[in-house]
Each structure stands twice: as C-alpha cells, then as structure tokens.
Amino acid sequence: MTQNASPPPKLILRFTIIGLVIAILATAFAYVGGWLDPGRLTPDRMINTLEDNAGVHEGYRRNHAKGYCVVGSFESNGNAESLSRATVFETGRVSPLIGRLAIPGGDPHANDGMPPIRSFALQFQLPNDEQWRTAMNAMPVFPVSTPQAFWELLQASQPDPQTGKPDPAKMAAFFADHPETKPFLAWVKTARRSSSFVNVEYNSLDAFRFIDAGGTTHFVRWGLMPEAPFTPMTEAQKQDPDFLSRDLRERLDKGPQRWHLIVTVANPGDPTDDATLAWPADRRQIDAGIVTIDRAQDQADGPCRDINYDPLVLPDGIAGSDDPLLSARSAAYSESYNRRTREEAESATSSTQEPRS
Amino acid sequence: MNPRTAATFSLPARLLHWLMALMILTMLFVGVGMVATVSERHVWLVQLHKPLGIAILALVIVRLLVRWRYGTPALPADLPPWQRAAAHLSHWALYALMLAMPLIGWTMLSAGGYPVTLFTGVTLPDLVSPSPTLYSALRFAHTWLALSLFALILLHLAAALYHALIRRDGVLASMTRSRKQP
C-alpha cells in the first residue's frame, strides 16, 4: 500500500470525476425509473386516471370494481391437447377454479344495468404450483389496440363534475381520432344487456400463443360459450341495481352453471397484436372442456378478493402474444393490486371491524 | 502468506464482486424500469427480474463462504476511524441487502398469491401462504430497500474512487489486481 504524504495533484479535477461518475449513474437510474420522463405512460398514471374518473374506493379493484367471487372447476376433454402442452388440457383433468364475475368501471356500487359489458376472470390451479389466469369480457372486440389509446379513452370519458357524465364532445373527438374503435362502436350500438352473468359469451380479446408438445406455436384466442340461453335484461331488473348478483345466486341455488371453453385458432396472417379486430368466423374452433361454477360468494370475504387476475400469469404451454395490451394489463393490474392490498392492510391494522361489503 | 493480511482480495472474491456488481446494478435498473412502464418492456423486464434475483441470492451465499474462507485484506492503517467504521458498516449493510432483497421478493410474490415462475415450466415453491397484509408490507420494503441499496452502491463506488483517486492507498486495487502482483 502506498503511503503518500503529499496531497495528490489536481485535487479539484479528481473530486469532479468522482462526482460526475455518481451523477451519471444516478441520472440514468432516475431516467429508467420514469422520474425524469413525465410523458411516459406508467402503471401509476394509468391507475391515477381510473381514480380520477371513478374516485378512490379503498380496498377495491380500480376497474371492474363491482364483482362477485365464484368457485368451480374446469374439466378438460383433451381436444386442446394437440395445441398446447399445458397440463390443464390433459384429457379428463379437473382443475379447481376461483373466478370473479364483474361489471366494468371503478365504482363498486355501480348500477348493474348501466354497462353493456360483463366480465369473467378465472384462475385455474394446476399441478406443480402452476396457474393459468385469464380475464375475459363479454364483447367481441376491444375498443382500442394500444395502452396509450386506452389511456386517452379513459381521459376522454372522465365524468364532467356538472353532469356526472362524460363530455360527449370529448368522446366524439376521441372516437374520430381513433378509427380502430369502429368495430367496437358498431357492436355497442346493437348490444343488448343480458339478464344474467351466466348467459353471455366471454372472450379473451387479446391473442395468446399455445405451445404444443413438439414446441410448435399456435396463435389462439379463447372464450366461454354459455349453456344457458341468452335473454335480455328485463324491465323489472332495470329497477334493481344489484340484479346480476341476485340472478346469479338464484341460478346457483337451482344448480351449477356451465360454459364451454372454446379455443379459436388463428390462420397465418390473422392479426395477433390488435384486439380491435375479430378473426373471420370460419376459423377453426375447439371445444376444450367444461367450466362449471358451483357457488358464489361476496367479494369482501370471498376467495377471489386477493387474486390479481393478471392475464400473463400463464402455465407452461400458454404464452402471451405480441398484443401490446397484455403487457399494459399486467402492469396496471399489478399497480391496482398494490394499492388495494395496501388499503386492506391499513384497514386491518386501524380497526378490527368487519371487512367492507 | 496469511490470507487475512493479503494485500488484495482472493481471485474467487474478485470474480464474484465484479460479476455481482454487474448483476445487482442490472437488477436495480430492471426493477425501477419494469414498474415504470406499461409497454412490452414491462413483461420482459419482469421475466428477467425473477431468475436474476434468485441467481444473486445463490451467489451471495457463495460469496459469504468465500469471504469466510479467504478473508479480506486489511484497510490502510492510516484510515481515519470514522471512515473505517463507515467501511465496515456499509459492507455489512450491502451483504444484508444482497441477501434480503431476493428473499423479500420471493416471499412477497408468495404472499400476493403469484406463482414465482423463473423460466417456462420452472416455478419455485411458495414460501408463505397468501396474505394481503404481508404482501403489502413486503412490497413496501422491497421498493425502499432497493432504493437504499442503490444509494449504498453509489456511496460504495464514490468511496472506492476516493481511495483510488484522492487517497491513492491501494484499496480499489485490492479488488482489481491479482495477489501475485506487487
């Protein structure tokens, strides 16, 4: 070791070098972390906008806030085994399900009759700690194809404080700027609200990849086809803001409710990165098995409460596609989950009251 | 030569130091980057974060064994006591964080009910059963300890450069040079 008695030359320069190295690293870190980039669409900003629109309802999901836990199982018939090596599709395998039926929007006390859409999220529990989570919607296409456009749609639909409704001019301007919304708008115009959660068809909307035992990739979308025939919302139901949960309990009291898990396989050239575009109706469809729901439970104390239905929690044999919405859903759901679990933890420590209903 | 009074770190210690320096800095940038975007980067950064974290956990255990086996060179005799104390304290804090961060991350995902998938088909066992309260506490700790670790690494780097450029006392060289060299 050198024992230097005289101070080194160019001391100021040397301290400057040290300072610069540290400053460059710290700045790079801050940039990557988004602190120097106010225009970047972060999960935080996405969730903030949802909160701007619907308010903060502590402990609840920031979107699809009103929902009910359901429990059941999926029995595979083996038909999808040739497309995906995921254990969930093995012939005869029964996978336990924890699901959630919900309506879109950030208000956990919303009127069931308002939105034309219902949603169904499922968690399939598989062997070896694997899971398959999916969050489906009862509509044929998504309104937009990118996270940025979804964020702009949220901003355009912010309720006017005077009327409590979105500003029609802002909405019109958004749709005019986004021609990709046309298929969705065409569907909404004719969509009839269902009388029940259990008699509508749910779709993954985003494309995914199935990987078979030989390692070959197949682009797919999946959905649930109900056994119960569709009937529209009745006049009596319109008067009851909670008719969907009432209907669900009444139907489950009579017996389990079933859907067929339908896998649609893309042809080469079908869009896999754009959830606004449906695939042609003649694409190969496979009935992969039966989803059975046996019972429902309130979400305040039900098994779905603490599940983040992140669409990219997938088992071996299923993977995400190049659809940019998937990454955004995964990131934003995670931020919503972080916020509501923190609120749950805070309310658990601040009082011993019953959980919110 | 007694390894505890050697002028430089052992070869395994030097290799582990520089490899882990690269991995941990990468890990910290991946971590802040993945929670700050909804783009496709989010997905592949998360997929990188988990196996890299487990690799750091395995390596820090090896590194502690190497340190215990080969020892460390002594600090310069003329180092002021406060700098000596800061050096010891910051090194043990670095080791503690290198061990704690991957374990907190793994436990946090278990508490959140998430499968801890390292690679396709490789899922780690749950360390705890799902609990939103525990998840929330660990999520908070993971963020703030990560930022603390980054701050500590900047301090460590500044101190190393201070030894190299200002004091010129051979402390940085003990991590860059072979033992055979004078």
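If you're wondering where the values come from, they're calculated on a predicted model, not measured in any experiment. Just so it is clear: chains get the letters A, B, ... in the order the sequence lines come, proteins before strands, and each one is counted from 1.
Looking at A:Ile17, only its side chain comes within 4.5 Å of chain B, counting heavy atoms on both sides. A:Ala28 touches chain B through backbone and side chain together, each having a heavy atom under 4.5 Å away. Neither the backbone nor the side chain of A:Tyr31 comes within less than 4.5 Å of any heavy atom of chain B. Only the side chain of A:Arg133 has a heavy atom closer than 4.5 Å to any heavy atom of chain B. Within the 4.5 angstrom heavy-atom criterion, only side-chain atoms of A:Arg40, from C-beta onward, approach chain B. If you measure heavy-atom distances from A:Trp35 to chain B, the contacts under 4.5 Å come from the side chain alone. In this structure, chain B has heavy atoms under 4.5 Å from both the backbone and the side chain of A:Ala26. Contacts between B:Leu45 and chain A at a heavy-atom distance below 4.5 Å are absent for every atom of the residue. Residue A:Asp37: no heavy atom, backbone or side chain, is found under 4.5 Å from chain B. Proximity to chain B involves both the backbone and the side chain of A:Leu41, based on heavy atoms less than 4.5 angstrom apart. For B:Phe119, no part lies under 4.5 angstrom from a heavy atom of chain A.
Ranked by heavy-atom pairs shorter than 4.5 Å toward chain A, the options B:Val30, B:Asp126, B:Leu25, B:Leu28 are led by B:Leu28. The residue among B:Thr117, B:Val122, B:Val46, B:Thr37 with the most heavy atom pairs within less than 4.5 Å of chain A is B:Thr37. Per-residue counts of heavy-atom pairs under 4.5 Å with chain B were compared for A:Asn128, A:Leu25, A:Val313, A:Asp323; the largest is that of A:Leu25. For the set A:Ile307, A:Asn308, A:Leu312, the entry with the most heavy-atom pairs within less than 4.5 Å of chain B is A:Asn308. Note: B:Tyr114 leads B:Tyr162, B:Phe140, B:Tyr114 in heavy-atom pairs under 4.5 Å with chain A. Top candidate by heavy-atom pairs under 4.5 Å with chain A, chosen from B:Ser136, B:Ser39, B:Gly33, is B:Ser136. Of the listed residues (A:Gly34, A:Ser330, A:Ala319), the one with the most heavy-atom contacts under 4.5 Å to chain B is A:Ser330. Ranked by heavy-atom pairs under 4.5 Å with chain A, the first of B:Ala158, B:Ala164, B:Ala160, B:Ser174 is B:Ala158.
Scanning residues 42-50 of chain A against chain B with a 4.5 Å heavy-atom cutoff picks out A:Thr42, A:Pro43, ordered by number. Scanning residues 79-99 of chain B against chain A with a 4.5 Å heavy-atom cutoff picks out nothing at all.
Between A:Asp322 and B:Glu40, the closest heavy-atom pair is O-OE2, 3.5 Å. Considering every non-hydrogen atom in both A:Asp129 and B:Pro125, the closest pair reads OD2-CA, 3.7 Å. A pairwise comparison of heavy atoms in A:Ile22 and B:Leu154 identifies CD1-O, 3.4 Å as the closest pair.
Using a 30° and 60° split on the angle between ring planes, B:Phe150 and A:Phe29 fall in the parallel class, below 30°.
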> How far apart are the C-alpha atoms of A:Leu326 and B:Val43, what are their side-chain angles, what is the distance that settles it, and do they pass the side chain to side chain contact (heavy atoms under 4.5 Å, CB included) test?
Replying inline: CA-CA 9 Å; A:Leu326 282 172; B:Val43 173; over 6 Å; no

>> side chain to side chain contact (heavy atoms under 4.5 Å, CB included) for A:Phe15 and B:Leu165? Distances and angles first, verdict last.
In response: CA-CA 8 Å; A:Phe15 271 113; B:Leu165 297 177; over 6 Å; no

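A 4.5 Å side-chain heavy-atom check between A:Asp306 and B:Pro130 finds every atom pair outside the cut-off.
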